[in-house]
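Accompanying notes for the structure given below.
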Amino acid sequence: MSVKYIFITGGVVSSLGKGLTSASIGMLLEHCGHKIAMLKLDPYLNVDPGTMNPFQHGEVYVTDDGAETDLDLGHYYRYTNSPLSRASNTTSGQLYDTVIKKERKGDYLGKTVQVIPHITDEIKQRILACANQDKDIRVVLVEIGGTVGDIESLPFLEAIRQFRYERKKDCINIHLTYVPYLKAAGEVKTKPAQHSAQVLRGIGIFPDIMLCRCENPLSSEIKEKISLFCNVPEESVFDERDVLQTIYEVPLDLHNQGLDQMICKMLDLPAKKPDLTDWKKMVHTVTHPKGKVVVGIVGKYIDHQDAYKSVFEALHHGAAACGVKLELRKFESDKLKDFEECDGFVVPGGFGERGWEGMIRCAKYCRENKIPYFGICLGMQVMIVEFARNVLGLQDADSTEMNINTPHPVISLLSQQKNVQNLGGTMRLGAYPCELVDNSLAKNAYGQSLISERHRHRYEFNNEYKKAMEAAGMLFSGTLQRGNLCEISEIKDHPWMLGVQFHPEFKSKPLHAHPLFKDFIASLVCEEAPI
Ligand code: GLN
């Protein structure tokens with residue numbers, strides 16, 4: 001049986017939630033019994049988002065094989081079981097890099113190298129490579145970043161047009177568009193949606209399904225209008241409402257409108273009714289909490305809502321697993337006040353000096369007042385530096401990232417990182433195995449001795465300080481397997497103060513909360529609150 005392809009484009013404006021929608025469709029098809037793979041095509045020229053400022057791009061999602069990828073892959077991970085690797089995200093930068101390298105090698109045999117066909121052929125190759133990751137894959141979902149009409153995304157759309165032309169029966173296009181309600185006019189407007197479908201048609205792509213982001217469900221008159229003017233049958237016009245209680249309701253809402261059955265019909269796939277019991281149960285727990293915890297997040301990029309996307313989601317998963325509602329308080333790390341309002345704190349990953357001393361103040365406050373603290377990557381380094389300064393009395397202890405001349409470099413570069421010149425793709429990246437010690441918070445939470453977690457950092461704990469720290473009450477509960485890098489630190493005389501050098505948030509799912517996030521939230525749930 002041939003592999004089927006679903007292309008998902010976005011129209012009118014960005015931030016319509018294309019990644020979440022693609023992930024939701026993937027989840028529904030998986031629940032219909034089809035093995036899927038997901039691919040994100042990004043039109044920008046960076047080779048990957050690794051070198052981009054989080055304020056520009058939001059979180060960088062890291063895969064097991066160490067690829068630094070778009071944050072939409074985080075949605076794919078949370079909603080589906082799609083394989084995720086370097087093959088799941090391609091940027092224009094990578095495509096041009098490949099084509100130019102081939103040109104220099106003489107692979108094009110004297111031809112003029114052009115966007116069409118050379119870049120478009122490369123795009124088609126990436127789509128096929130995604131399908132070939134596993135022989136059982138039946139459906140590939142390809143999300144195209146950006147908005148139709150952007151100059152940058154034209155080669156991608158042209159490649160899709162050709163791909164579809166070559167496999168007429170095996171492809172559909174889903175166009176996510178915007179149908180706003182204009183308050184002043186008291187009306188829902190379809191014109192932007194019409195225009196975005198028109199732009200697509202101008203490129204030679206006819207949408208098969210129109211998915212309309214809107215405030216409230218669309219009336220049948222509006223759907224009729226969209227159908228007529230966008231050249232799509234009325235039963236193929238679906239709405240995606242804004243006001244749901246949790247993002248995990250999106251696939252249920254789409255399923256209730258029959259989207260999964262329609263896709264299966266169009267692609268001639270067996271349309272088994274999906275069993276969504278587990279997902280519905282999870283949504284019910286999230287929407288019917290039995291208590292509340294307040295978690296403070298102290299970070300540098302707190303104003304950007306996507307910069308710590310996976311951390312926020314993982315905390316929500318932990319809260320759902322404990323049956324409580326999570327209230328997040330966000331603290332800019334250089335403007336800290338009102339610590340008292342929070343039950344516990346998270347210091348997530350980050351780079352550079354700004355806000356560093358504020359994070360250390362947070363760790364000090366948590367250690368001294370026995371308030372739960374969860375340090376992730378930079379947050380573990382913060383915890384170690386604070387301990388060195390205030391417990392060991394090494395006043396100027398620091399990370400060499402923040403102070404290259406510190407007399408006590410408790411966090412420093414490994415020798416292999418010292419001569420790194422290029423910033424892109426040169427950190428410790430991807431999955432590493434870690435061994436846990438008995439009688440530790442970590443081992444207790446994971447319930448096993450060997451774990452695998454994903455890394456993205458340059459600096460490490462300096463083992464020269466290990467003995468002194470242990471003697472003063474720090475437990476190094478996780479170590480790189482067959483190595484000596486400290487991956488987890490805990491404060492022994494404390495209810496829950498733990499730092500991890502890796503990024504556990506990348507491996508948390510709503511149906512399987514990450515053990516550390518679950519255990520952290522559980523430590524905040526006061527005794528009276530029923531779990
Ligand atoms: N800046 C730190 C390092 O490179 C932490 C990185 C992170 O938090 N991802 O080691």
Side-chain angles (χ1 to χ4, degrees), residues 48-55 57-64 66-69 71 74 297-302 304 306-312 314 333-334 345-360 362-363 373-386 388 397-404 406 409-432 434 453-463 465 478 480 483 485-489 498-508 514 516-517:
D48 61 42
T51 54
M52 280 191 232
N53 184 331
F55 281 119
H57 186 268
E59 167 186 282
V60 174
Y61 185 82
V62 180
T63 53
D64 275 346
E68 295 175 275
T69 71
L71 56 80
I297 305 248
V298 182
K300 192 172 142 183
Y301 317 110
I302 226 72
H304 189 295
D306 284 340
Y308 304 112
K309 188 92 206 154
S310 295
V311 174
F312 294 167
S333 43
D334 48 4
F345 285 87
V346 173
V347 177
F351 296 84
E353 204 187 335
R354 185 169 70 78
W356 172 246
E357 293 301 326
M359 296 176 207
I360 290 183
C362 172
Y373 172 99
F374 189 6
I376 297 173
C377 205
L378 187 74
M380 163 170 158
Q381 300 175 355
V382 164
M383 174 177 159
I384 303 253
V385 170
E386 189 280 321
D398 221 322
S399 158
T400 53
E401 181 182 5
M402 315 302 162
N403 175 9
I404 187 84
T406 171
V410 286
I411 305 291
S412 63
L413 285 181
L414 291 183
S415 51
Q416 51 278 39
Q417 282 285 347
K418 282 196 176 134
N419 298 318
V420 165
Q421 306 258 321
N422 279 344
L423 288 186
T426 52
M427 286 185 252
R428 173 143 84 108
L429 286 167
Y432 286 85
C434 168
E453 293 282 4
R454 301 181 195 159
H455 292 248
R456 180 175 185 254
H457 56 99
R458 244 179 251 292
Y459 295 82
E460 307 277 354
F461 173 63
N462 180 348
N463 275 318
Y465 293 88
L480 175 68
L485 297 176
C486 287
E487 313 280 44
I488 310 181
S489 58
L498 180 144
V500 290
Q501 192 54 81
F502 45 78
H503 288 274
E505 70 273 23
F506 294 146
K507 289 181 72 173
S508 187
H514 188 285
L516 289 179
F517 282 92

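Both counts, for ligands and for their atoms, begin at 1 and track the order of listing. Keep in mind the model is a prediction, meaning the values are calculated, not measured. FYI, the numbering just counts along the sequence from 1.
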Cys377: which of Glu505, His457, His455 passes side-chain contact (heavy atoms from CB on, under 4.5 Å):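 Going through Glu505, His457, His455 one by one, the side-chain contact (heavy atoms from CB on, under 4.5 Å) with Cys377 is satisfied by His457 alone.
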Heavy-atom distance under 4.5 Å between the side chains of [X] and [Y], does that happen here?
| X | Y | value |
| --- | --- | --- |
| Tyr459 | Met402 | no |
| Arg458 | Leu413 | yes |
| Phe351 | Leu378 | no |
| Tyr61 | Arg454 | yes |

Enumerated ligand 1 atoms positioned under 4.0 Å from heavy atoms of His503: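 Taking each heavy atom of His503 in turn, ligand 1 has 9 (N) under 4.0 Å.
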How close does the nearest protein non-hydrogen atom get to [atom], and which residue and atom is it?
| atom | result |
| --- | --- |
| atom 10 (O) of ligand 1 | Tyr459 N, 2.8 Å |
| atom 5 (C) of ligand 1 | Gly350 O, 3.3 Å |
| atom 7 (C) of ligand 1 | Cys377 SG, 3.0 Å |
| atom 9 (N) of ligand 1 | Arg456 O, 2.9 Å |

Heavy-atom closest pair, residues Phe502 and Ile488: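 In this case the closest contact between Phe502 and Ile488 is CE2-CG1, 3.8 Å.
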Close N or O approach (Leu378, ligand 1; < 3.5 Å):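 Yes; the residue has a nitrogen or oxygen that sits under 3.5 Å from a nitrogen or oxygen of the ligand.
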Contact check: Ile376 vs ligand 1, nitrogen or oxygen atoms, below 3.5 angstrom: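 No, since none of the N or O atoms of Ile376 sits under 3.5 Å from an N or O of ligand 1.
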Parallel, tilted or perpendicular: rings of Phe517 and His514 (30°, 60°):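 Perpendicular, since the angle between the ring planes exceeds 60°.
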Glu68 and Arg456 ion-paired at < 4.0 Å: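 The answer is yes: the pair qualifies as a salt bridge.
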Residue portion contacting ligand 1 (non-hydrogen atoms closer than 4.0 Å) for [X]:
| X | value |
| --- | --- |
| Glu401 | side chain |
| Gln381 | side chain |
| Arg458 | both |

Within-shell test, Gln501 vs ligand 1, heavy atom, strictly < 4.0 Å: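 Contact absent.
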